[in-house]
A.B. asks: 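Below: one structure in structure tokens.
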2 protein chains.
Amino acid sequence: MPGETVNPASVDRIYDAVRELAASYAIKPDERINEGTLAKSLGASRTPVREALNRLVAEDLLVFQPGKGFFCRALDPQQIFDLYELRVILEEAAITLACERASDEDIEALRQDLMTNGQNYEGKSVKELVAYDEQFHETLVGLSGNGELVKRLHNINARIRFVRWFDMEQRISITRGEHRELMSRLAARDAEACRGILRGHIEKRLDQIITYARAGYSALYLPDAQGPLAGSPLAAGSQG
Amino acid sequence: MPGETVNPASVDRIYDAVRELAASYAIKPDERINEGTLAKSLGASRTPVREALNRLVAEDLLVFQPGKGFFCRALDPQQIFDLYELRVILEEAAITLACERASDEDIEALRQDLMTNGQNYEGKSVKELVAYDEQFHETLVGLSGNGELVKRLHNINARIRFVRWFDMEQRISITRGEHRELMSRLAARDAEACRGILRGHIEKRLDQIITYARAGYSALYLPDAQGPLAGSPLAAGSQG
DNA sequence: GCATATTTATCTGTATACAGGACTGTATGA
DNA sequence: TCATACAGTCCTGTATACAGATAAATATGC
């Protein structure tokens with residue numbers, strides 16, 4: 001394949017690629033990763049691949065079993081519920097801090113970005129919408145001034161992304177309004193109101209997550225079903 | 001050296017060993033890690049060592065610079081402040097959940113453990129006290145029923161441990177009382193009171209952290225100074 | 001004497017080789 | 001027909017070799 005860069009910055013490149021595969025469950029839940037095959041498909045040897053894999057183990061996007069190898073994490077509703085719960089905790093705390101600390105300019109900048117880039121959701125895929133939503137929330141949490149909060153959220157987002165593709169389908173129209181309301185309350189430094197909006201915006205019940213996880217399994221193992229993944233290379237059962 | 005197991009479960013063993021070195025700054029801040037030397041001292045080759053190193057990079061205990069190698073993280077007061085802030089956020093949220101969810105038996109079990117193992121602090125080193133304190137708090141957060149919260153706290157603890165060795169010196173006697181008070185309020189399911197105690201128990205101001213960081217640098221680079229590390233192999237400048 | 005250029009040595013980044021263990025499939029026996 | 005034992009294959013885990021890059025040390029010119 002000419003035109004495809006293969007060599008440079010190997011570990012970071014491999015890391016990004018595999019992170020994408022794991023976050024989207026292009027590697028299926030509990031599926032073992034064949035290092036040799038993966039290495040070949042990424043144009044590298046097993047050594048840097050294993051290094052990237054080990055980083056993803058530390059991030060809990062993959063699971064490592066000694067003597068067995070690396071596996072994609074399971075699609076475990078309880079764990080996803082824990083992550084949603086954690087996300088609410090972090091974002092509520094972050095916006096509380098942001099109400100105290102963020103500059104008017106930074107708040108206004110994010111509001112502007114929301115108005116220009118976050119408005120026209122027609123013609124965009126669910127994946128693109130989720131990607132923008134993640135970016136919006138990570139910037140929002142960044143207004144707390146606490147970089148560790150942002151890192152945690154970044155990891156959580158990668159791990160719940162797959163479920164969020166299904167969740168977003170139901171909430172596209174609501175999301176926009178909530179984002180605008182949130183920014184308005186943030187500009188007014190109303191922390192209490194912000195927390196309430198965020199909680200309602202993010203919070204999920206366990207039974208909802210189970211529903212989305214079921215939909216996820218359908219999309220992964222019965223790719224012809226309707227859903228946010230329909231027509232995507234993932235749903236078509238991409239073979240690398 | 002007979003009696004010293006070297007072979008088995010290589011990566012996990014190396015990971016634990018290096019995590020210890022990094023958490024205690026036995027590898028000094030910003031110091032480069034010589035893979036070959038480290039591998040030899042651990043009785044392994046560079047390959048598994050680098051795999052463990054990559055895991056620690058993902059946990060932010062080490063920093064990786066392409067072409068340069070692996071470095072111990074800097075002793076950065078702002079980052080440590082962020083971690084303390086995050087720790088308060090997580091523990092407050094956890095105890096709020098624990099008040100709702102934890103069983104009386106689990107609460108009582110932790111209280112018992114505190115009474116038996118957490119009482120006699122005489123004759124114990126500061127490091128041992130911090131180790132018990134970490135364990136206590138991780139169990140406490142576990143009462144929330146949210147495993148992701150525990151994982152986050154576990155990482156935070158490793159990253160602020162070094163500073164806590166200095167902090168604990170000042171707070172040994174206070175700590176015990178606060179732990180007992182906390183358990184009493186938790187048994188009464190008084191979330192508001194628990195949060196207040198925890199915040200006062202954990203929270204640090206940036207200037208305090210800067211003070212401890214300074215003390216840390218002294219201990220690392222002038223090992224003959226007094227402090228919680230005095231007489232420890234770390235303070236003596238252990239050469240592996 | 002100081003700054004710069006050049007050489008040397010060390011260390012990283014990656015590929016590859018090999019040994020040991022895990023798994024699959026088949027065949028044999030009850 | 002089912003369970004179990006065995007053999008072959010595949011894959012992981014680790015050591016090692018080598019190339020490229022980085023840093024250090026020496027030498028050279030001003």
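Residue numbering restarts at 1 for every chain, and letters A, B, ... go by the order of the sequence lines.
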A.B. asks: Is a donor from one side chain sitting under 3.5 angstrom from an acceptor on the other, for B:Tyr15 and B:Glu59?
C.D. replies: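 Per modelled atom types, B:Tyr15 and B:Glu59 side chains form a pair under 3.5 Å.
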A.B. asks: Partners of A:Glu148 by salt bridge (Lys or Arg N to Asp or Glu O under 4.0 Å), sequence neighbours excluded?
C.D. replies: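 A:Glu148 satisfies salt bridge (Lys or Arg N to Asp or Glu O under 4.0 Å) with A:Lys151, A:Arg152, B:Arg159 once adjacent residues are dropped.
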A.B. asks: Please state whether the phosphate of D:dA23, meaning OP1 or OP2, lies under 4.0 angstrom from any side-chain nitrogen or oxygen of B:Lys68.
C.D. replies: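 Checking D:dA23 against B:Lys68, a side-chain N or O does come within under 4.0 Å of OP1 or OP2.
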A.B. asks: Just compare D:dC11, D:dG13, D:dA15 and give me whichever is closest to any side-chain atom of B:Ala44.
C.D. replies: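 The listed nucleotide nearest to B:Ala44's side chain is D:dA15.
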A.B. asks: Rounded to the nearest Å, what distance is computed from the CD atom of residue A:Glu31 to the C1' atom of nucleotide C:dC23?
C.D. replies: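 So the CD-C1' distance, A:Glu31 to C:dC23, works out to 16 Å.
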A.B. asks: What residues, two or more places apart in sequence or in another chain, satisfy salt bridge (Lys or Arg N to Asp or Glu O under 4.0 Å) together with B:Arg214?
C.D. replies: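 With sequence neighbours excluded, B:Arg214 shows a salt bridge (Lys or Arg N to Asp or Glu O under 4.0 Å) to no residue whatsoever.
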A.B. asks: If you check every side-chain atom of B:Asn34, which of D:dT14, C:dC11, C:dT14 has the closest atom?
C.D. replies: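 The nucleotide sitting nearest to the side chain is C:dC11.
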A.B. asks: Kindly state each residue pair satisfying salt bridge (charged side-chain N to carboxylate O under 4.0 Å, His left out) with at least one member in residues 40-55 of chain A, sequence neighbours excluded.
C.D. replies: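 Passing the test, one end in residues 40-55 of chain A: A:Asp12-A:Arg55, A:Glu35-A:Arg46, A:Glu35-A:Arg50, A:Arg50-B:Glu51, A:Glu51-B:Arg50.
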A.B. asks: With sequence neighbours excluded, what pairs up with B:Arg32 under the salt bridge (Lys or Arg N to Asp or Glu O under 4.0 Å) test?
C.D. replies: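 By the salt bridge (Lys or Arg N to Asp or Glu O under 4.0 Å) rule, B:Arg32 matches no residue at all.
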A.B. asks: Run the side-chain contact (heavy atoms from CB on, under 4.5 Å) test against B:Ala93 and tell me which residues pass, sequence neighbours left out.
C.D. replies: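 For B:Ala93, the residues satisfying side-chain contact (heavy atoms from CB on, under 4.5 Å) (neighbours in sequence not counted) are A:Ile89.
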A.B. asks: Atom CD of A:Gln65 to atom P of D:dC11: distance rounded to whole Å?
C.D. replies: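 So the CD-P distance, A:Gln65 to D:dC11, works out to 17 Å.
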A.B. asks: Please write out each protein N/O paired with an N/O of nucleotides 6-8 of chain D under 3.5 Å, distance rounded to 0.1 Å.
C.D. replies:
none

A.B. asks: Round to the nearest Å and state the distance from B:Phe64 atom CZ to C:dT14 atom C1'.
C.D. replies: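 B:Phe64 atom CZ is separated from C:dT14 atom C1' by 12 Å.
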A.B. asks: Grab the CZ-C1' distance between B:Arg32 and C:dT12 for me, whole Å please.
C.D. replies: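 From B:Arg32 CZ to C:dT12 C1': 8 Å.
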A.B. asks: Is the ring pair A:Phe64/A:Phe70 parallel, tilted or perpendicular, if the boundaries are 30 and 60 degrees?
C.D. replies: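 If you compare the ring of A:Phe64 with that of A:Phe70, the planes turn out tilted.
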A.B. asks: Between A:Gly36 and B:Gly67, which has a closest nucleotide on DNA chain D that is more 5'?
C.D. replies: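 Result of the comparison: A:Gly36.
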A.B. asks: Would you tabulate the pairs of protein nitrogen or oxygen atoms and nucleotide nitrogen or oxygen atoms of nucleotides 18-20 of chain C closer than 3.5 angstrom?
C.D. replies:
none

A.B. asks: Choose from D:dC11, C:dT12, C:dA15 the nucleotide whose nearest atom is closest to any side-chain atom of A:Ser45.
C.D. replies: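 Per side-chain heavy atoms of A:Ser45, the pick is C:dA15.
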A.B. asks: Provide, to the nearest angstrom, the distance between the CD1 atom belonging to B:Ile14 and the P atom belonging to D:dG13.
C.D. replies: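 Those two atoms, CD1 and P, are 13 Å apart.
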A.B. asks: Between C1' on D:dT22 and CD on B:Glu35, what's the gap in Å once rounded to a whole number?
C.D. replies: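 Between C1' of D:dT22 and CD of B:Glu35: 13 Å.
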A.B. asks: Less than 4.5 Å apart, any side-chain heavy atom of B:Leu38 and any of B:Leu21?
C.D. replies: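 Yes; the side chains approach each other to less than 4.5 Å.
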A.B. asks: B:Gln112: which residues meet the side-chain contact (heavy atoms from CB on, under 4.5 Å) condition with it, sequence neighbours left out?
C.D. replies: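 Here the qualifying residues are B:Glu108.
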A.B. asks: Could I get the full list of salt bridge (Lys or Arg N to Asp or Glu O under 4.0 Å) partners for B:Arg73, not counting sequence neighbours?
C.D. replies: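 Testing B:Arg73 for salt bridge (Lys or Arg N to Asp or Glu O under 4.0 Å), a comparison that skips the adjacent residues, returns none.
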A.B. asks: Nearest heavy-atom pair of B:Phe71 and B:Asp30: which atoms, and what distance?
C.D. replies: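 Looking at all heavy atoms of both residues, the closest pair is CD2-O, 3.4 Å.
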A.B. asks: Could you check whether any side-chain heavy atom of B:His179 comes within less than 4.5 Å of a side-chain heavy atom of B:His137, counting everything from C-beta outward?
C.D. replies: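 The answer is yes, as the side chains (C-beta and beyond) meet within the 4.5 Å cut-off.
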A.B. asks: Please give the angle, rounded to 10 degrees, between the axes at the start and the end of the helix from C:dG1-D:dC30 to C:dA30-D:dT1, where five pairs define each axis.
C.D. replies: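 Here the local axes at opposite ends form an angle of 10°.
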A.B. asks: Within residues 47-63 of chain B, which residues have any heavy atom lying less than 4.0 Å from an atom of DNA chain C?
C.D. replies: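 When residues 47-63 of chain B is checked for heavy atoms under 4.0 Å from DNA chain C, the hits, listed by number, are B:Arg50.
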A.B. asks: Without decimals, in angstroms, what is the distance between A:Asp12 CG and C:dG13 C1'?
C.D. replies: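 Nearest whole value for this atom pair: 13 Å.
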A.B. asks: Can you list every pair that meets salt bridge (charged side-chain N to carboxylate O under 4.0 Å, His left out) and has a residue in residues 136-146 of chain B, with sequence neighbours left out?
C.D. replies: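 Counting only pairs at least two positions apart or across chains, no salt bridge (charged side-chain N to carboxylate O under 4.0 Å, His left out) contact touches residues 136-146 of chain B.
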A.B. asks: Nearest whole Å is fine: how far is D:dC11 C1' from A:Phe71 CZ?
C.D. replies: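 In whole Å, D:dC11 C1' lies 11 Å from A:Phe71 CZ.
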A.B. asks: Among B:Ile210, B:Asp76, B:Ile209, B:Ile160, whose side chain to side chain contact (heavy atoms under 4.5 Å, CB included) with B:Phe81 holds?
C.D. replies: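 Of the listed residues B:Ile210, B:Asp76, B:Ile209, B:Ile160, the side chain to side chain contact (heavy atoms under 4.5 Å, CB included) partner of B:Phe81 is B:Ile209.
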